Structure formats: C-alpha cells, structure tokens
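Following: one structure in structure tokens, then a few remarks.
Keep in mind that the numbers below use all heavy atoms, side chains included, and drop hydrogens, waters and symmetry copies. Note that ligands are numbered from 1 as they come in the structure, with each ligand's atoms numbered from 1 the same way. Note that the coordinates shown come from a computational prediction; the quantities given were computed from them, not determined experimentally.
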Amino acid sequence: MRTQVLIIGGGPSGLLLSQLLSDINIDCLVLEKHTKEHVLSRIRAGVLEEGTIKLLKKAGIFKRIKDEGFSHDGIFLSLKNRGFRMDFKKLINQKVTVYGQTEVTKDLYEVREKNNGKVFNSVKNVKIHDIETSSPYVTCKIVDKETKINADFIIGCDGFHGVSRNTIPKEKIKTFERVYPFAWLGILSETPPISEELIYANHKTGFALASMRNENLSRYYIQTSIDEKTTEWSDDRFWNEIKKRLPEESLENLVTGPSIEKSLAPLRSFVVEPMSYGNLFLVGDAAHIVPPTGAKGLNLAFSDVNYLVETLEEYYQEKNKTVLSKYSKRALNRVWKAIRFSWWMTVTFHKFPNQSDFDQKMQETEIEYLENSEVAQKSFAENYVGLPF
Ligand code: RFL
Ligand code: PHB
C-alpha cells in the first residue's frame with residue numbers, strides 16, 4: 001500500500017487532518033488502534049474556541065454544532081464561595097461554544113465515512129520506519145493481516161501515549177514537563193446544569209469546575225489527590241464535596257442525581273521541541289499536553305492541524321522541502337502561549353500539598369485583581385477564548 005500522508009491515530013486531530021487534506025486532494029489514510037465505538041466512548045473536552053469552530057466549518061461539519069452547541073458569552077470565576085462573571089462579549093466581543101469532544105469526533109467520523117475516507121480501526125502493532133529518509137513506511141496489523149504502507153510523510157496524531165513521539169531519537173528532541181501533585185475527578189450526570197455558564201472555583205479544600213453538555217447533561221470536576229480511586233467516591237460523596245467548593249449563591253440551582261460516568265484524570269504540562277523529525281510530524285497530544293483547567297487541549301490540537309495542512313499544501317504545490325520546517329515553529333509559537341495560560345489557571349485555582357499562607361495570598365490576590373481590573377480581564381478573556389491562528 002502507498003499513500004502521500006499516513007496518519008497514526010484516529011482521535012479528533014487525526015480525523016480532522018485527514019478530512020482537510022482530502023479536501024485539497026492530498027491522499028491520506030488513518031490508522032487507529034481502537035474501535036470506533038471505543039474512540040467515541042471517551043468523555044473529554046467541552047469548550048470550543050472560535051478558531052476551532054471556523055476550522056470545523058471548513059471541514060464541513062458545522063450543522064450539528066450550530067443546532068446543538070451552546071454559545072457562551074462568558075464564564076464565572078469563584079473565590080471562597082463567591083462568584084463573579086467574566087463577560088467575554090463585553091470585554092473583547094468574542095465567545096466560546098460548548099459542544100463535547102465526543103460529538104466533534106462523531107461528526108468527524110461521519111464526514112470521513114461520507115467522503116469514503118480511508119480510516120482503519122483496530123489496527124495493531126503500528127511501527128514507524130526510516131523517518132529520516134525520503135521513503136518512510138509503517139508496518140502494522142490490519143484485521144490480522146501484516147501490512148506495509150509507504151508514505152511521503154508520517155503524522156503522529158496518536159496522543160500522549162502513542163508510538164510516534166518515541167520513534168524520534170532522544171538526542172534529537174527536548175522535552176519540557178511539569179507534573180501536578182493532584183488529579184481531577186469528573187462525573188457526568190443527567191441533570192440540568194447548575195448555571196448557564198461554566199464556573200471555575202478556588203476553594204480552600206480544592207478546585208471545582210461546573211460544566212455542561214446540554215440542558216439535561218452536566219459535567220462536574222473536583223480536584224482530588226492523584227492516588228484516589230473512583231470506586232471510593234460514591235455519588236453522594238462527590239456531591240457533598242462539590243457543594244462545599246462552588247459559589248454559595250449558585251447552590252440553590254444545583255440538581256444532583258446519579259452519575260453516568262466517573263473518571264480520574266492526572267494533570268500535566270508537557271511540550272516536545274521540535275514537533276517534527278525527518279518526515280515525521282507530531283500533532284496534538286502527541287506533542288504537547290496541557291492540564292484541562294484552561295480548556296485548551298483539543299483546541300490546540302486543531303490549531304496544529306491547521307498549520308500542518310497549510311504546510312503540506314505549500315509543500316505539494318512547490319515540491320520544496322524547506323517549507324516543512326515552518327510547521328514546528330508556527331505551532332510551537334502558539335502552543336507555548338496555551339501552555340502558559342493553562343499552567344497559570346492551574347496554579348491559581350488549585351490547592352497544592354503544604355501550600356504556604358504566602359502562596360494562598362498570592363492566589364487570592366491574582367483572582368481579586370482579575371475581578372477588579374478590566375485590563376486583566378481583557379488579557380484573561382483573550383487567552384480563554386483562544387489566541388488567533
Ligand atoms: P487523542 O484524543 O488522545 O487521540 C489519539 C488517538 O490515537 C490513538 N492511538 C493509536 N493509534 C494507532 N496506533 C497507536 N500505537 C496508537 N496509540 C494511540 C488513540 O486510540 C486515540 O484515538 O489525541 P488528539 O487527537 O491529539 O486530541 C487531543 C484531545 O483529545 C485532548 O487534548 C483534549 O481532550 C484535552 N481536554 C480538553 N481540551 C479542550 O480543548 N477543552 C476542554 O474543555 C478539555 N477538557 C481534556 C478536557 C482532557 C481531559 N482528559 C481526560 C485528559 C478534560 C479532560 C478531563
Ligand atoms: C468539560 O466540560 O469537560 C470541561 C470544560 C472546561 C474545562 C475542562 C473541561 O476547562
């Protein structure tokens with residue numbers, strides 16, 4: 001088998017990349033380790049930036065987002081059980097859209113199927129070969145058949161634990177990492193959201209986030225220790241804990257109910273530089289991880305996709321390999337800004353083990369400054385809705 005661009009990973013970034021490349025007549029195929037059902041069972045991101053929406057429109061999947069997504073003109077931040085609103089519309093005339101990653105991925109699978117896109121699921125034992133030469137290839141097992149696929153380029157869209165990044169010799173890349181000493185315990189419940197907009201809360205017992213998917217589906221998170229077990233968190237225990245952390249004035253609207261999903265996510269900031277080596281390019285979580293506090297991970301994966309599509313289009317038009325180095329530079333420039341914002345949100349809103357009184361005061365002062373300074377609010381708003389790409 002042969003293709004121009006071989007994409008490893010059929011999560012949101014791999015699927016979007018394949019759709020946008022096909023649209024400009026670049027031949028590509030996707031190899032995904034899991035079944036489509038498994039990929040669509042993962043509950044992850046919920047907030048889409050304007051740039052992401054534009055890109056999804058370009059990929060031809062706007063209808064359901066328009067009908068079922070929710071425009072949010074702002075969010076609430078809370079300190080010591082008292083909330084205040086950040087009005088993105090008033091501050092910078094922008095908004096975000098609440099529409100789940102699961103739905104985005106479902107839409108992407110649908111459009112790939114409609115376009116007869118080549119997406120292979122349940123592909124095992126993917127191995128990447130000869131990326132530093134002009135004839136790289138991948139070997140893998142597709143439905144029990146050993147397969148070799150030659151390509152011009154191999155793209156790692158295979159997430160943080162994929163194989164692509166580890167194919168690059170260690171001495172050719174530099175990694176930057178911060179692992180946070182806490183996790184997020186998240187639940188999904190078929191109850192109306194507590195608030196029309198998201199609430200991010202700093203509380204002395206830890207961070208809490210109230211989010212949503214639609215009028216009758218809510219997503220809540222609380223900060224816990226990393227070694228927590230979901231089985232030790234009954235729904236009642238979760239609701240009792242989050243009630244302590246959210247703003248008092250919103251609690252009368254909290255509708256509790258049985259959870260339909262419960263999961264624990266560790267928090268990490270991670271970047272690899274550069275985001276390419278030879279004819280291998282890394283995209284999304286394969287190249288960088290942000291803690292979910294800033295709602296940036298999926299959006300960042302999609303801005304990478306945008307830069308890579310532009311780079312590959314230019315390459316195939318001009319057949320000039322020097323354009324390829326632009327991808328990593330352009331992507332990293334935006335990645336670091338999202339890394340900074342997500343880190344800032346994380347260190348400002350979470351309790352650290354043995355946090356000193358000084359550090360506590362610094363968090364409070366950051367949030368109070370944000371509440372009272374329009375200049376600070378504009379900067380926050382610009383980052384939360386997403387820097388342009
Ligand atoms: P993914 O989604 O991890 O997809 C990678 C795909 O590659 C496959 N794969 C392989 N395939 C073939 N061979 C191999 N050897 C393979 N190894 C792996 C995997 O099966 C998978 O299908 O990466 P991608 O596409 O780069 O997308 C990144 C996003 O999923 C991620 O950044 C976001 O979910 C992060 N995130 C959020 N992002 C936002 O923009 N806004 C949010 O509100 C937001 N909230 C979140 C989040 C992530 C969370 N968790 C669970 C980490 C909330 C949470 C709790
Ligand atoms: C979510 O709804 O899952 C969500 C929203 C905002 C975040 C993280 C997760 O910052």
Checklist entry - Any idea which protein heavy atom is nearest atom 9 (C) of ligand 2, and the distance to it? => result Tyr221 CE1, 3.6 Å
Next on the checklist: When you compare the side chains of Asn81 and His203, does any donor N or O come within less than 3.5 Å of an acceptor on the partner?
Outcome noted: yes
Checklist outcome for this item: In ligand 1, the atoms that come under 4.0 Å of a heavy atom of Val47 are 41 (N), 43 (O)
Checklist entry - Would His38 count as a contact of ligand 1 if the rule is a heavy atom under 4.0 Å away? => result no
Next on the checklist: What protein heavy atom lies closest to atom 33 (C) of ligand 1? Include the residue and the distance to one decimal.
Outcome noted: Gln101 OE1, 3.4 Å
Checklist entry - Between Asn115 and Gln19, is any pair of side-chain heavy atoms under 4.5 Å apart? => result yes
Checklist entry - Same cluster or not: are Trp184 and Phe341 linked, directly or through other Ile, Leu, Val, Met, Phe, Trp or Tyr residues, by side-chain heavy atoms under 4.5 angstrom apart? => result yes
Next on the checklist: Against the six-membered ring of Phe88, is Lys95 placed for a cation-pi contact (under 6.0 Å from the centre, within 45° of the normal)?
Outcome noted: no
Checklist entry - With atoms numbered from 1 as shown, which atoms in ligand 1 lie under 4.0 angstrom from a non-hydrogen atom of Leu31? => result 11 (N), 12 (C)
Next on the checklist: Using side-chain heavy atoms (C-beta onward) and a distance below 4.5 Å, is Asp27 in contact with Val5?
Outcome noted: no
Checklist entry - Under the side chain to side chain donor-acceptor pair (under 3.5 Å) criterion, do Thr97 and His72 qualify, and how do the steps go? => result CA-CA 6 Å; Thr97 301; His72 284 205; over 6 Å; no
Next on the checklist: Check this for me - ligand 2, Pro292, N or O atoms closer than 3.5 angstrom, yes or no?
Outcome noted: yes
Checklist entry - Can you tell me if Met345 has a non-hydrogen atom under 4.0 Å from ligand 2? => result no
Checklist outcome for this item: Checking heavy-atom distances from atom 23 (O) of ligand 1 to each of Gly159, Gly46, Gly10, Gly11, the winner is Gly159
Checklist entry - Does the ring center of Trp343 lie less than 6.0 Å from the ring center of Tyr180? => result no
Checklist entry - Can you tell me the protein heavy atom closest to atom 8 (C) of ligand 1 and the distance? => result Glu32 OE1, 3.2 Å
Checklist entry - What do you reckon, does Ser211 have a nitrogen or oxygen under 3.5 Å from a nitrogen or oxygen of ligand 2? => result yes
Item to check | Where ligand 1 meets Gly162 - atom numbers and elements under 4.0 angstrom, heavy-atom basis | outcome: 17 (N)
Next on the checklist: If you measure every N or O of Phe160 against every N or O of ligand 1, does any of those distances drop under 3.5 Å?
Outcome noted: no
Checklist entry - Which protein heavy atom lies closest to atom 15 (N) of ligand 1, and at what distance to 0.1 Å? => result Val163 CG1, 3.7 Å
Checklist entry - What is the nearest protein non-hydrogen atom to atom 45 (N) of ligand 1, stated with its residue, atom name and distance? => result Ala45 CA, 3.3 Å
Item to check | Pick from Ser13, Ser164, Ala287: the one approaching atom 24 (P) of ligand 1 most closely through a non-hydrogen atom | outcome: Ser13
Next on the checklist: Less than 4.0 Å is my threshold; does some heavy atom of Gly186 fall inside it relative to ligand 1?
Outcome noted: no
Item to check | Part of His161 with heavy atoms under 4.0 Å of ligand 1, whether side chain, backbone, both or neither | outcome: neither
Checklist entry - Does Val98 approach ligand 2 within less than 4.0 angstrom via side chain, backbone, both or neither, non-hydrogen atoms only? => result neither
Next on the checklist: Quick check with a 6.0 Å cut-off and a 45 degree axis cone: is Arg165 positioned over the face of Phe160's six-membered ring?
Outcome noted: yes
Next on the checklist: If we count only N and O atoms by modelled type, under 3.5 Å, do the side chains of Ser218 and Arg213 hold a donor and an acceptor together?
Outcome noted: no
Next on the checklist: I need the contact type for Arg44 against ligand 2. Using non-hydrogen atoms and a strict under-4.0 Å cut-off, is it side chain, backbone, both or neither?
Outcome noted: backbone
Item to check | Nearest candidate to atom 27 (O) of ligand 1, where distance is taken over non-hydrogen atoms, out of Gly9, Pro12, Gly284 | outcome: Pro12
Checklist entry - Can Asn25 and Tyr316 be counted as having a side-chain donor-acceptor contact under 3.5 angstrom? => result no
Checklist outcome for this item: re atom 18 (C) of ligand 1, the protein heavy-atom contact at minimum distance is Asp158 O, 3.2 Å
Checklist outcome for this item: To atom 39 (C) of ligand 1, the nearest of Leu298, Val96, Leu300 on a heavy-atom basis is Leu298
Checklist entry - Who's the nearest protein heavy-atom neighbour of atom 31 (C) of ligand 1, and how far? => result Asp285 OD2, 3.3 Å
Checklist entry - With a 6.0 Å cut-off on ring centres, are Phe182 and Phe352 close enough? => result yes
Checklist entry - Atoms of ligand 2 less than 4.0 Å from Leu198 heavy atoms? => result 5 (C), 6 (C)
Item to check | Of the listed options Ala265, Pro292, Gly297, closest to atom 47 (C) of ligand 1 (non-hydrogen atoms) | outcome: Pro292
Checklist entry - What do we get for Ala295 next to ligand 2 when only non-hydrogen atoms under 4.0 Å count, side chain, backbone, both or neither? => result both
Checklist entry - Hey, which atoms in ligand 2 end up nearer than 4.0 Å to a heavy atom of Val47? => result 5 (C), 6 (C)
Checklist entry - Taking heavy atoms and a distance under 4.0 Å, where does Ile8 meet ligand 1: side chain, backbone, both or neither? => result side chain
Item to check | For Asn299, atoms of ligand 1 separated by under 4.0 Å from a heavy atom | outcome: 40 (O)
Next on the checklist: Taking the six-membered ring for Trp, are Tyr315 and Phe153 closer than 6.0 Å centroid to centroid?
Outcome noted: yes
Next on the checklist: Run the side-chain contact (heavy atoms from CB on, under 4.5 Å) test on Phe349 and Leu209 for me, step by step, so that the C-alpha distance in whole Å, both residues' side-chain angles and the decisive distance to 0.1 Å come before the verdict.
Outcome noted: CA-CA 10 Å; Phe349 280 84; Leu209 168 60; over 6 Å; no
Checklist entry - When you look for heavy atoms under 4.0 Å from ligand 1, do you find them on the side chain of Cys157, its backbone, both, or neither? => result backbone
Next on the checklist: Students should be able to answer this: which protein heavy-atom is nearest to atom 3 (O) of ligand 1, and at what distance?
Outcome noted: Arg44 NH1, 3.2 Å
Checklist entry - Can Val126 and Lys33 be said to form a side-chain contact (heavy atoms from CB on, under 4.5 Å), step by step? => result CA-CA 8 Å; Val126 169; Lys33 172 162 121 175; over 6 Å; no
Item to check | Test of proximity, Tyr200 against ligand 2: N or O pairs below 3.5 Å | outcome: yes
Item to check | Whether over 12 other heavy atoms sit under 6.0 Å from Glu177 CD | outcome: yes
Next on the checklist: Check contact between Tyr221 and ligand 1, using heavy atoms of the residue and a distance below 4.0 angstrom.
Outcome noted: yes
Checklist entry - Is Gln363 close to Gln355 at the side-chain level, that is, under 4.5 Å between some pair of heavy atoms? => result yes
Checklist entry - Short list, please: which atoms of ligand 2 are under 4.0 Å from a heavy atom of Thr293? => result 10 (O)
Checklist entry - Any idea which part of Val126 is under 4.0 Å from ligand 1, heavy-atom wise: side chain, backbone, both or neither? => result side chain
Checklist outcome for this item: the protein heavy atom lying closest to atom 12 (C) of ligand 1 turns out to be Lys33 N, 3.3 Å
Item to check | Check: Tyr277/Thr167 side-chain N/O donor and acceptor closer than 3.5 Å | outcome: no
Checklist entry - Looking only at distance, does Arg42 have an N or O less than 3.5 Å from an N or O of ligand 1? => result yes
Next on the checklist: Within the 4.5 Å heavy-atom criterion, are Lys296 and Glu49 side-chain neighbours or not?
Outcome noted: yes
Checklist entry - Is Leu21 linked to Ile154 within one hydrophobic cluster, defined over Ile, Leu, Val, Met, Phe, Trp and Tyr using a side-chain heavy-atom separation of less than 4.5 Å? => result no
Checklist entry - Does one side chain, of Gln360 or Lys351, offer a donor that lies under 3.5 Å from an acceptor on the other? => result yes
Checklist entry - Do His288 and Phe270 make the cut of ring centroids closer than 6.0 angstrom? => result no
